[in-house]
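I have placed the structure first, in the form of structure tokens, so that the comments after it can refer back to it.
As the structure is a computational prediction, the values presented were derived from the model and not from experiment.
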Amino acid sequence: MIRLGVDIGGTFTDFVALDAESGRAWVWKRLTTPDDPSRAVLDGVDELLRQGDVNPADVSVLIHGTTLVANALIERKGARAGLIATEGHRDAIEIGREIRYDIYDLFLERPAPLVPRRLRLEARERVGATGEVLVPLDTEALARVVDGLRAEGVEAVAVCLLHAYANPAHEQQVEAAVRQGLPGVPVSISSRIAPESGEYERASTTVANAYVQPLMARYLARIQGSLAEKAPRARLYVVLSNGGLASAEQAQAVPVRLVESGPAAGAMAACRYAAGTGQRDLIAFDMGGTTAKMCVITAGRPATTHATEVAHRARFKKGSGIPLLVPTIHLIEIGAGGGSIARADALGLLKVGPQSAGADPGPACYGLGGQDATVTDANLVLGYLDEASFLGGRMRLDRGAAEAALLRLGSQLGLTAIEAARGIHELVNESMAIATRRHVTEQARDPGRHALVALGGGGPIHATGLARRLGIPTVICPPAA
């Protein structure tokens, strides 16, 4: 039987196939299709099977890692969602903890709520901290609330009532009323999504789930529908943020648990691969086209956390993002990838990222219309990439376009194209080293006592430079990293 793995990144979508009986494995890679990511997945699976001369009927499972949930939250490309909260508490997700993540920043900006105030309505009810009903649910008032959400044309509804983790009865009644009044509209209730105390975090997690639910439901339905036609015996599983697996149906119900799906899959792969080398303490370094992710692995197991934040307004600053109560492999992620755009700032200094050229138009050397100099352009000009063998020779890189983009940037900095390229390469290595050192030392670990596992399209290119900066003696680079 054939097992397939697919991972969607901001620039490329990667594929791997394994013949479980013979042990034969082969890989494929293609540009992501941002307008409809499922198109790249389905076309890539077809090509992967053709490459291996495989009958689709022999495919038993497809395991999928994705960054779509995280990207939707970061880019604010989710659904028009509404929120029903306990009377007097609809602004909890905007007030937050009232803690300034930088007490000295007079112009500090908090992440805006995913649900605007006019779509945050209230239910007249109250449950105590131990689950006792203090104020019964007013069903007549609730009917008017549902009518209001219908009039606003919401595509998803989040329900977060006070102390619902102790007694979910009122939330379940509200869910039933919404499903009856808004048929076909998905409903997320906090007692099912994040049954924990802490109203702000519970509401934030539930709202995030509702916000991405229609997007992920459509996406997974397209994948599952096409898979059922082409490979009727295959089951679709999605990687969770904690490294586990969920069925497509489970993933559609609680998509917020996929927020670190792709990076978590990379960390688990690092554990599995490095086990054969005898290394037990690792730093998984996954550098793709848009971001770089780092994860500390101790005694063969990745660090985990029960909560995370996404869409940070300030790098490395807790409280500057959207809090999520989601079991997650503990990762740090920075805007440093092959597509990260280099520029001159207002002081005439070189800066790289976090903006990325992505898959469309991509780096200048892709020849797809990109004009900005990126990390990939720098690596090509420096000789770390070969224009004739990129993607196994299927995609020839345009060295002239890369040099022209670097020359334009260099003219703003007083540098040649080669000097600009070297500056980009060194700067992105330094940025990743700072982030990694901070992440590792926060866990009371010494980077030099770990091996570095290079993953992703950019991992092997930058791994040795990163390892030197961190004093790491060993770099492990899997085939087809």
Side-chain angles (χ1 to χ4, degrees), residues 69-127 129 141-142 144-146 148-149 151-165 170-171 174-175 178 185-215 255-256 259 307-315 317-326:
V69 171
N71 290 343
L73 293 172
I74 292 169
E75 299 170 10
R76 301 296 175 115
K77 292 184 177 179
R80 181 179 174 83
L83 170 66
I84 299 177
T86 298
E87 190 173 52
H89 290 261
R90 67 172 179 163
D91 293 325
I93 62 168
E94 188 159 0
I95 296 169
R97 289 290 184 188
E98 288 195 297
I99 296 173
R100 296 174 63 86
Y101 58 82
D102 187 340
I103 62 174
Y104 300 109
D105 185 354
L106 300 180
F107 303 99
L108 177 146
E109 293 184 28
R110 293 181 177 277
L114 296 172
V115 177
R117 197 168 194 268
R118 71 177 182 279
L119 299 182
R120 305 198 300 256
L121 306 184
E122 298 178 338
R124 190 172 300 139
E125 63 84 42
R126 188 63 177 261
V127 171
L142 177 61
R144 293 191 291 272
V145 167
V146 174
L149 292 175
E152 289 284 356
V154 298
E155 301 169 299
V157 176
V159 182
C160 185
L161 304 181
L162 203 62
H163 302 305
Y165 58 88
H170 283 180
E171 279 198 348
V174 172
E175 178 186 25
V178 173
V185 173
V187 185
S188 300
I189 62 174
S190 72
S191 53
R192 186 176 301 132
I193 303 300
E196 300 182 34
S197 61
E199 186 181 11
Y200 168 50
E201 292 81 3
R202 183 161 48 91
S204 177
T205 307
T206 307
V207 165
N209 192 79
Y211 186 74
V212 300
Q213 196 166 24
L215 168 73
V256 73
V259 68
T308 189
E309 288 185 7
V310 295
H312 287 87
R313 300 290 298 184
R315 197 170 73 173
K317 293 186 178 179
K318 185 178 180 181
S320 68
I322 299 171
L324 301 175
L325 295 174
V326 176

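Between E122 and V145, every side-chain heavy-atom pair lies at or beyond the 4.5 Å cut-off. By the 4.5 Å heavy-atom criterion applied to side chains, H170 and R126 are not counted as neighbours. N209 has its side chain within reach of P255: a pair of non-hydrogen atoms, C-beta onward, lies under 4.5 Å apart. Inter-residue side-chain proximity for L324 and V310 is flagged as met; some heavy-atom pair is nearer than 4.5 Å. Side chains of L73 and L114 form a contact here, defined as non-hydrogen atoms less than 4.5 Å apart. V127 is not listed as a side-chain neighbour of L161, based on a closest heavy-atom distance of 4.5 Å or more.
Classification of R202 and E196 as a salt-bridged pair fails, no side-chain N sitting under 4.0 Å from a carboxylate O. Remark: E94 does not engage R110 in a salt bridge, criterion side-chain N to carboxylate O under 4.0 Å. The residues E152 and R80 are annotated as salt-bridged, a charged nitrogen and a carboxylate oxygen being separated by less than 4.0 angstrom.
Between atom CD of residue E109 and atom OG of residue S320 there is a gap of 11.5 Å, rounded to the nearest 0.5 Å. E125 contributes atom CD, which lies 7.5 Å from atom CG of L162 (distance to the nearest 0.5 angstrom). K77 NZ to L215 CG: the interatomic distance, rounded to the nearest 0.5 Å, is 10.5 Å. Taken to the nearest 0.5 Å, the OG atom of S204 stands 10.5 Å off from the CG atom of L83. Here SG of C160 is found 15.0 Å from CZ of R90. Values are rounded to the nearest 0.5 Å. Between L325 atom CG and T205 atom OG1 the span is 4.0 Å, to the nearest 0.5 Å.
Annotation for P195 and S191: closest pair CB-O, 3.4 Å, computed over non-hydrogen atoms. The two atoms that bring A164 and S190 nearest to each other are CB-OG, 4.0 Å, heavy atoms only. Considering every non-hydrogen atom in both Q213 and S188, the closest pair reads OE1-OG, 3.2 Å. Summarising the geometry of V256 relative to A208, their closest heavy-atom pair is CG2-CB, 4.1 Å, with the distance given to 0.1 Å. Nearest approach of A210 to A156, heavy atoms of both residues: O-CB, 3.3 Å. Of all heavy-atom pairs between L108 and R100, the closest is CB-NH2, 3.9 Å.
A donor-acceptor contact shorter than 3.5 Å is absent between the side chain of E309 and the backbone of K318. At least one donor-acceptor pair closer than 3.5 Å links the side chain of Y211 to the backbone N or O of G78. Looking only at distances, no side-chain donor or acceptor of Y165 sits under 3.5 Å from a matching main-chain atom of E199. No side-chain donor-acceptor contact under 3.5 Å links E155 to the backbone of A79.
For the side-chain contact (heavy atoms from CB on, under 4.5 Å) criterion with R120, the lone passing option out of I84, V207, I93 is I93.
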Stepwise side chain to side chain contact (heavy atoms under 4.5 Å, CB included) check, I189 with V174: CA-CA 9 Å; I189 62 174; V174 172; over 6 Å; no
